[in-house]
Student: 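Structure in structure tokens, see below.
Just so you know, ligand 1 is whichever comes first in the structure, and atom 1 is the first atom listed for that ligand.
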Amino acid sequence: MKRILVTGGAGFLGSHLCDRLVGSGHDVLCVDNFFTGSKRNVAHLLGNPGFELMRHDVTFPLYVEVDRIFNLACPASPIHYQHDPVQTTKTSVHGAINMLGLAKRLDARILQASTSEVYGDPEVHPQQEGYWGRVNPIGLRSCYDEGKRCAETLFFDYFRQHALDIKVVRIFNTYGPRMHPSDGRVVSNFIVQALKGEDITIYGDGSQTRSFCYVDDLVDAMVRMMDSERGFTGPVNIGNPGEFTMLELAEKVISLVGGSSRLVFQPLPQDDPKQRQPDIALARSALDWEPKVALDDGLRETIAYFRQVLAA
Ligand code: NAD
Ligand code: UDP
Ligand code: UDP
């Protein structure tokens, strides 16, 4: 049994991670400022002696006693991270410094939830960890992309300079229950639109691709990475290599939900990556991990969740 801090633990991924860790008998401290996360996501854990919830913003120092830290605090959807871009960079950069300082004081193992966005709009396909990326430093997505890149830099400098026990995973698009219905990400948008019988909004011509990982697979990989041997730092890509265009995704959602939604085409946002697919060879060999949930199955679970949320 370990004392584990999860920052951003009341968010979509964080709440599933808290579930898994509490379920495995750990003592979990969930820290969140509830910017995009919500107490509802962890309400079922309140009252469990293995779970504690603390309202705190990671851009401020945090003095607690733990053995391990999962650093997930950061809004992940474009509309949320672009809402207050300066705060987004602060969350990634000051948040990383504070959590690394905490890990250093405690000699705790610390894992960073990085992102495929560090590859930007890539000219290498699929993306391998050795690829340095193609990121616009001054665009609308930069607060997120460059914030996450700087956080990776900090992790590796604390590793080299202070021999910290770090782990870095680069998460590719992940979906599932507890995504925020209005956070603007493509899977939640399409499902909510289809369930309401509204038009499905395709940005651009819909030929851009993404690879979608179901949340249970993702949590499994994060836990395996945290448990991997000391010195194995990553970065490791975590995602599902199944690659789909946004048109294919829309058609899948419409056929699973049923109903009469039509496709409408809207302008492509600035710097929207044209294609994205993880090369997960490293995760396969080092973590003995690969995703198990097919897109159709994961979408069914997610649709069932949003049906409930919309009916409430
Ligand atoms: P989310 O927005 O649901 O969760 C982020 C959580 O962090 C929220 O609970 C939010 O309130 C909290 N938070 C934000 N700023 C904070 C601050 N300053 N202090 C404390 N808490 C703060 O998003 P998610 O999809 O669960 O993403 C979790 C992590 O995984 C993020 O770091 C994100 O960058 C990373 N990630 C997610 C995906 C994905 O597809 N879901 C892909 C790549 C990376
Ligand atoms: N910090 C924290 N909790 C701790 C220890 C440190 O939040 O238990 C923060 C503190 O704000 C500090 C930052 O982490 O500024 C970086 O710590 P570090 O020891 O690397 O550097 P310092 O700035 O203390 O020299
Ligand atoms: N997208 C879309 N319609 C929507 C929301 C998103 O066509 O209603 C597109 C978006 O332009 C991008 C892809 O879907 O090409 C994935 O978007 P998301 O915001 O989910 O993730 P990210 O761009 O960060 O990978």
Student: Identify the protein heavy atom lying closest to atom 44 (C) of ligand 1, giving its residue, its atom name and the separation to 0.1 Å.
Tutor: Ser114 O, 3.5 Å
Student: Report whether Val58 and Leu5 are members of the same hydrophobic cluster (ILVMFWY, side-chain heavy atoms less than 4.5 Å apart, transitive linking).
Tutor: yes
Student: Are Tyr214 and Asp297 side-chain neighbours, meaning at least one heavy-atom pair lies under 4.5 Å?
Tutor: no
Student: Quick check: Lys148 and ligand 1, any N/O pair under 3.5 Å apart?
Tutor: yes
Student: Could you establish whether Asp57 and ligand 1 come within less than 4.0 Å of each other, counting only heavy atoms on the residue side?
Tutor: yes
Student: Evaluate Asn173 for polar contact with ligand 1, using N/O atom pairs at a separation under 3.5 Å.
Tutor: no
Student: Measure Thr201 to ligand 3 on non-hydrogen atoms and call it side chain, backbone, both or neither using the 4.0 Å cut-off.
Tutor: both
Student: Provide, to 0.1 Å, the distance between atom 5 (C) of ligand 1 and the closest protein heavy atom, together with that atom's residue and name.
Tutor: Cys74 O, 3.2 Å
Student: Under 4.0 Å from ligand 1, counting heavy atoms only, is it the side chain of Ser77, its backbone, both or neither?
Tutor: neither
Student: Stepwise, does the side-chain contact (heavy atoms from CB on, under 4.5 Å) test hold for Leu13 with Ile171?
Tutor: CA-CA 11 Å; Leu13 297 181; Ile171 302 170; 4.2 Å; yes
Student: Do you reckon Leu100 sits in the same ILVMFWY cluster as Val168, going by side-chain contacts under 4.5 Å, direct or chained?
Tutor: yes
Student: Answer with side chain, backbone, both or neither: which part of Val186 has a heavy atom less than 4.0 angstrom from an atom of ligand 3?
Tutor: both
Student: Students often mix this up, so state it plainly: with edges at 30° and 60°, are the rings of Phe172 and Tyr119 parallel, tilted or perpendicular?
Tutor: tilted
Student: Just heavy atoms, cut-off under 4.0 Å: does Arg185 contact ligand 3 by side chain, backbone, both, or neither?
Tutor: both
Student: Consider every N or O of Tyr203 and every N or O of ligand 3, then say whether any pair is closer than 3.5 Å.
Tutor: yes
Student: Any side-chain donor-acceptor pair under 3.5 Å between Asn33 and Gln87?
Tutor: no
Student: Val28 and Val64: same hydrophobic cluster, using ILVMFWY side-chain contacts below 4.5 Å?
Tutor: no
Student: Give the protein residues with at least one non-hydrogen atom closer than 4.0 Å to an atom of ligand 2, ordered by chain and number.
Tutor: Pro61, Leu62, Tyr63, Ile97, Asn98, Gly101, Leu102, Lys104, Arg105, Tyr158
Student: Using a 4.0 Å heavy-atom cut-off, which part of Arg141 comes near ligand 3: side chain, backbone, both, or neither?
Tutor: side chain
Student: Among all protein heavy atoms, pick out the one at the shortest distance from atom 1 (P) of ligand 1; state its residue, atom name and that distance to 0.1 Å.
Tutor: Thr36 OG1, 3.7 Å
Student: Could you verify whether a donor N or O on one side chain and an acceptor N or O on the other, from Gln193 and Thr201, lie under 3.5 Å apart?
Tutor: yes
Student: So is Pro269 close enough to ligand 3, meaning a heavy atom under 4.0 angstrom away?
Tutor: yes
Student: Check each atom of ligand 1 against the heavy atoms of Phe34 and keep those under 4.0 Å away; list them by number with element.
Tutor: 11 (O)
Student: Does ligand 1 have any atom sitting under 4.0 Å from a heavy atom of Ser38?
Tutor: no
Student: Please determine if Glu117 and Arg141 form a salt bridge, counting it only when a charged side-chain N lies under 4.0 Å from a carboxylate O.
Tutor: yes
Student: Whether Asp19 and Arg178 form a salt bridge (side-chain N of Lys/Arg under 4.0 Å from carboxylate O of Asp/Glu) is what I want to check.
Tutor: yes
Student: Can you tell which of Ser211, Pro241, Pro278 makes a side chain to side chain contact (heavy atoms under 4.5 Å, CB included) with Pro291?
Tutor: Pro241
Student: Give, for atom CD of Gln277 and atom CD of Gln127, the distance between the pair rounded to the nearest 0.5 Å.
Tutor: 7.5 Å
Student: Nearest protein heavy-atom contact for atom 3 (O) of ligand 1: which residue, which atom, what distance?
Tutor: Phe12 N, 2.9 Å
Student: Going hydrophobic residue to hydrophobic residue with side-chain gaps under 4.5 angstrom, can you get from Val309 over to Phe34?
Tutor: yes
Student: For the 3.5 Å polar cut-off, considering only N or O atoms, please tell me whether Gly184 and ligand 3 meet it.
Tutor: no
Student: Backbone or side chain, does any N or O of Leu72 fall under 3.5 Å from an N or O of ligand 1?
Tutor: yes
Student: Examine Arg276 against ligand 3 and note whether any of their N/O atoms are separated by less than 3.5 Å.
Tutor: yes
Student: In the protein, which heavy atom is nearest to atom 19 (N) of ligand 1, and how far is it?
Tutor: Val58 N, 3.0 Å
Student: Looking only at heavy atoms of Pro75, does any of them come nearer than 4.0 Å to an atom of ligand 1?
Tutor: yes
Student: Using a 4.0 Å heavy-atom cut-off, say whether Val187 meets ligand 3 through its side chain, its backbone, both or neither.
Tutor: neither
Student: For Gln266 and ligand 3, answer yes if some heavy atom of the residue is under 4.0 Å from a ligand atom, otherwise no.
Tutor: no
Student: Quick one: which ligand 1 atoms are inside 4.0 Å of a heavy atom on Gly37?
Tutor: 8 (C), 9 (O), 10 (C), 11 (O)
Student: Kindly work out whether a path of hydrophobic side-chain contacts (I/L/V/M/F/W/Y, heavy atoms less than 4.5 Å apart) joins Leu299 to Met246.
Tutor: yes
Student: Should the pair Phe12 and His16 be assigned to parallel (<30°), tilted (30 to 60°) or perpendicular (>60°) ring geometry?
Tutor: perpendicular
Student: May I ask which of Ile238, Leu13, Thr174 has a heavy atom nearer to atom 26 (O) of ligand 1 than the others do?
Tutor: Leu13
Student: Indicate yes or no: does an N/O atom of Ile171 lie under 3.5 Å from an N/O atom of ligand 1?
Tutor: no
Student: Is Arg178 close enough to touch ligand 1? Criterion: a residue heavy atom under 4.0 Å from a ligand atom.
Tutor: no
Student: For Asp32 and ligand 1, does the shortest N/O to N/O distance drop below 3.5 Å?
Tutor: yes
Student: For atom 25 (O) of ligand 1, tell me which residue out of Met179, Arg185, Met222 has the closest non-hydrogen atom.
Tutor: Arg185
Student: May I ask you to identify, for Gln87, whether its side chain, its backbone, both or neither come under 4.0 Å of ligand 1 on a heavy-atom basis?
Tutor: side chain
Student: May I ask you to list the atoms of ligand 3 that are less than 4.0 angstrom from any heavy atom of Ile202?
Tutor: 7 (O)
Student: Are Asp220 and Arg20 ion-paired here, with the side-chain N under 4.0 Å from a carboxylate O?
Tutor: yes
Student: Measure from atom 23 (O) of ligand 1 to every heavy atom in Cys30, Gly11, Ala76, Gly8 and give the option owning the shortest one.
Tutor: Ala76
Student: Among Tyr175, Phe212, Tyr144, which one has a heavy atom closest to atom 34 (O) of ligand 1?
Tutor: Tyr144
Student: Need the ligand 1 atom indices (1-based, order shown) with element for anything under 4.0 Å from a heavy-atom of His56.
Tutor: 19 (N), 20 (C)
Student: So, regarding Asn33 and ligand 1 (criterion: nitrogen or oxygen to nitrogen or oxygen, under 3.5 Å), is there a contact or not?
Tutor: yes
